[in-house]
Protein chains: 2
Amino acid sequence: MHDPDPFVAKVPGIDYGILDSLLGYAVRRAQIRLYEDFIPSLAPWGITPPRFSAMVIVSRNPGLKLTQLARIMGIARSGSVSLVDAIEALGYIQRLPMPGDRRAFGLALTAKGEADLVAISAAVQAHDARMAQALTPEERTVLRGLLTRLSEAQP
Amino acid sequence: MHDPDPFVAKVPGIDYGILDSLLGYAVRRAQIRLYEDFIPSLAPWGITPPRFSAMVIVSRNPGLKLTQLARIMGIARSGSVSLVDAIEALGYIQRLPMPGDRRAFGLALTAKGEADLVAISAAVQAHDARMAQALTPEERTVLRGLLTRLSEAQP
DNA sequence: TATTGTTATACTCTATAACTATA
DNA sequence: TATAGTTATAGAGTATAACAATA
């Protein structure tokens with residue numbers, strides 16, 4: 001037998017109780033659905049969501065240290081090491097010596113990384129547009145704005 | 001040294017490029033922020049987001065089979081086995097024999113599971129309300145609605 | 001044959017803690 | 001002392017594939 005049918009956010013006949021009233025569960029549902037479409041779309045390059053984020057951020061901000069990348073992405077320093085290792089194994093990123101600080105490296109995409117990022121970004125954009133089809137352009141803007149404010153919430 | 005400063009969704013001076021225009025990255029940012037507050041809030045019970053979802057769903061729909069739980073949660077059958085194992089180890093869930101089908105089990109919370117779920121749900125609700133403070137009640141409703149439609153997107 | 005639960009296996013992502021080399 | 005990167009280790013969470021028992 002083979003398992004993974006497409007995700008059904010609300011299975012008919014199932015009582016989701018409190019889950020239906022939580023913002024967090026709504027975010028989780030959307031995340032599951034997005035992930036399900038993202039992975040096969042980017043499989044040709046071996047790119048996952050965190051790898052894509054890291055590539056874009058390094059591409060637009062060359063010279064970042066691993067510590068800075070970790071902070072920007074909200075992960076631990078050790079996480080940025082394995083993340084960069086994985087992208088390096090794909091031939092997309094490199095650690096360059098930092099003049100003036102022999103402890104640190106400046107991150108940069110390789111030529112291949114910059115080149116493939118064009119196609120990868122197009123695939124991500126196509127994926128995002130496919131998912132966003134469910135909403136009008138105005139709704140997409142509203143949704144992004146509300147999510148951004150939620151992600152800046154101070155408890 | 002110790003790593004995990006609070007997540008900053010948009011670090012000043014950093015160019016996020018295409019990420020700022022993607023719905024998927026907005027969802028990801030919100031998810032990181034929510035997770036960061038969820039985990040310590042529920043640590044006293046050893047409850048994580050998927051464990052909470054499973055407990056609520058089983059509580060409201062007793063007698064579900066593991067296969068059904070997997071489908072509802074959008075995970076593989078083998079995932080529902082380890083998920084139920086983990087919740088069982090906390091003393092919160094049980095597999096009951098199903099009359100009429102000796103292959104299957106009907107899932108149900110234990111008495112302790114139902115009792116603790118009350119406090120757990122209160123903690124989750126407090127967490128969710130804390131995060132939702134960033135939005136007006138109307139905005140929360142709009143956000144939940146848009147996310148739900150996104151999670152039902154048909155590519 | 002098909003389904004149910006399970007196990008085996010593997011990979012990603014994440015964390016904490018300790019180490020090293022530099023600053 | 002503090003910082004940058006790294007390693008060791010661990011635990012979730014997820015997946016695929018194969019298996020035994022049962023339908």
Side-chain angles (χ1 to χ4, degrees), chain A residues 1-7 28 31-36 38-40 42-43 46-54 63-71 73-90 93-107, chain B residues 1-7 28 31-36 38-40 42-43 46-54 63-71 73-90 93-107:
Chain A
M1 189 191 178
H2 122 287
D3 278 49
D5 294 314
F7 174 54
R28 185 174 169 75
Q31 175 94 13
I32 293 173
R33 185 70 196 83
L34 290 167
Y35 198 81
E36 179 177 59
F38 188 106
I39 295 301
L42 277 298
I47 288 297
T48 60
R51 290 175 189 178
F52 177 66
S53 305
L64 282 179
K65 294 185 288 186
L66 279 88
T67 301
Q68 295 176 299
L69 180 63
R71 172 152 180 271
M73 296 193 58
I75 60 179
R77 274 178 308 152
S78 64
S80 70
V81 172
S82 49
L83 181 57
V84 167
D85 283 348
I87 305 172
E88 191 178 50
L90 295 171
I93 210 171
Q94 53 192 326
R95 294 164 162 95
L96 301 173
M98 277 199 59
D101 191 341
R102 287 193 301 171
R103 296 170 304 180
F105 297 105
L107 295 170
Chain B
M1 188 192 177
H2 121 287
D3 278 49
D5 294 313
F7 174 55
R28 186 176 169 75
Q31 175 94 10
I32 293 173
R33 184 70 196 83
L34 289 167
Y35 198 81
E36 180 177 58
F38 187 106
I39 295 300
L42 277 300
I47 288 297
T48 59
R51 290 175 189 178
F52 177 67
S53 305
L64 283 179
K65 294 184 288 186
L66 279 89
T67 301
Q68 294 176 301
L69 179 64
R71 174 155 178 270
M73 297 194 57
I75 60 178
R77 274 177 308 153
S78 63
S80 70
V81 172
S82 50
L83 181 57
V84 167
D85 283 348
I87 306 173
E88 192 178 48
L90 296 171
I93 211 171
Q94 53 191 328
R95 294 165 161 96
L96 302 173
M98 279 206 45
D101 189 341
R102 289 192 299 173
R103 294 170 306 181
F105 296 105
L107 295 170

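All heavy atoms count here, side chains included; hydrogens, waters and symmetry mates do not. From a predicted model like this one, the values you see are computed outputs, not experimental measurements.
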- Report yes if some heavy atom in the side chain of A/P50 is under 4.5 Å from a heavy atom in the side chain of B/R28; otherwise report no. yes
- Query: Taking atom CG of A/L66 and atom CG of A/D85, what is their separation to the nearest 0.5 Å?
  - Reply: 8.5 Å
- Starting from C1' on C/dC13, measure out to CD1 on A/I32 and report it in whole angstrom. 16 Å
- Task: Scan residues 93-100 of chain A against DNA chain C and write down, sorted by residue number, each residue with any heavy atom closer than 4.0 Å; if none is found, say none.
- Result: none
- Message: Distance check needed: C/dC13 P versus A/D85 CG, whole Å only.
- Response: 13 Å
- Query: Taking atom C1' of C/dT14 as reference, at what distance in whole Å does atom CE of A/M73 sit?
  - Reply: 12 Å
- Message: Going by the rule side chain to side chain contact (heavy atoms under 4.5 Å, CB included), which residues pair with A/R51 if we only count those two or more places apart in sequence or in a different chain?
- Response: A/I47, A/T48, A/L83, A/A86, A/I87, A/L90
- Measuring from B/R71:CZ to B/R77:CZ, what's the distance to the nearest 0.5 Å? 14.0 Å
- Note on the structure: Sorted by position of nearest nucleotide on DNA chain C, 5' first, the leading residue of B/L64 and B/R28 is B/L64
- Task: Apply side chain to side chain contact (heavy atoms under 4.5 Å, CB included) to the pair A/K65 and A/L107, showing each step before the final yes or no.
- Result: CA-CA 6 Å; A/K65 294 185 288 186; A/L107 295 170; over 6 Å; no
- Message: For a side chain to side chain contact (heavy atoms under 4.5 Å, CB included) check, start with the C-alpha distance between B/M73 and B/S80, then their side-chain angles and the critical distance, and finish with the verdict.
- Response: CA-CA 9 Å; B/M73 297 194 57; B/S80 70; over 6 Å; no
- Task: Starting from P on C/dG5, measure out to CG on B/L83 and report it in whole angstrom.
- Result: 14 Å
- Item | Length of the CG-P vector between B/L90 and D/dA12, whole Å | 9 Å
- Message: In this structure, how many angstroms lie between the P atom of C/dG5 and the CG atom of B/L66, rounded?
- Response: 5 Å
- Message: Looking at every heavy atom in both B/P99 and B/P97, which two are closest together, and how far apart are they?
- Response: CD-O, 3.5 Å
- Query: Can you check the B/F105 CZ to C/dT3 P distance for me, whole Å?
  - Reply: 19 Å
- Query: Does any donor-acceptor pair link the side chain of A/S78 with the base of C/dT14 at a separation under 3.5 Å?
  - Reply: no
- Among D/dG5, C/dT14, C/dG5, which is the nearest nucleotide to the side chain of A/P50? C/dT14
- Task: Check the pair A/M98, A/L96 against side chain to side chain contact (heavy atoms under 4.5 Å, CB included), reporting the backbone distance first and the verdict last.
- Result: CA-CA 6 Å; A/M98 277 199 59; A/L96 301 173; over 6 Å; no
- Message: Between the opening five pairs and the closing five pairs of the helix from C/dT1-D/dA23 to C/dA23-D/dT1, how far apart are the helix axes, to 10°?
- Response: 10°
- Task: Report yes if a side-chain nitrogen or oxygen of A/T48 is closer than 4.0 Å to either non-bridging phosphate oxygen (OP1 or OP2) of C/dC13; otherwise report no.
- Result: yes
- Task: Return yes if the base of D/dG5 and the side-chain atoms of A/R77 contain a donor-acceptor N/O pair under 3.5 Å, otherwise no.
- Result: yes
- Message: Would the distance check show the side chain of B/E36 and the main-chain N or O of B/F7 forming a donor-acceptor pair, the cut-off being under 3.5 Å?
- Response: yes
- Which of the following nucleotides, C/dG5, C/dT12, D/dT6, is nearest to the side chain of A/R51? C/dT12
- Task: Return yes if the base of C/dT22 and the side-chain atoms of A/R102 contain a donor-acceptor N/O pair under 3.5 Å, otherwise no.
- Result: no
- Under 4.0 Å between a side-chain N or O of B/R103 and OP1 or OP2 of C/dA2? no
- Query: Rounded to the nearest 0.5 Å, how far does CD of B/Q31 lie from CZ of B/F38?
  - Reply: 10.5 Å
- Task: Using a heavy-atom cut-off of under 4.0 Å over every strand shown, decide if A/A76 touches base, sugar-phosphate, or nothing.
- Result: base
- Gap between atoms CD1 and P, on A/I75 and D/dT6 respectively (whole Å): 13 Å
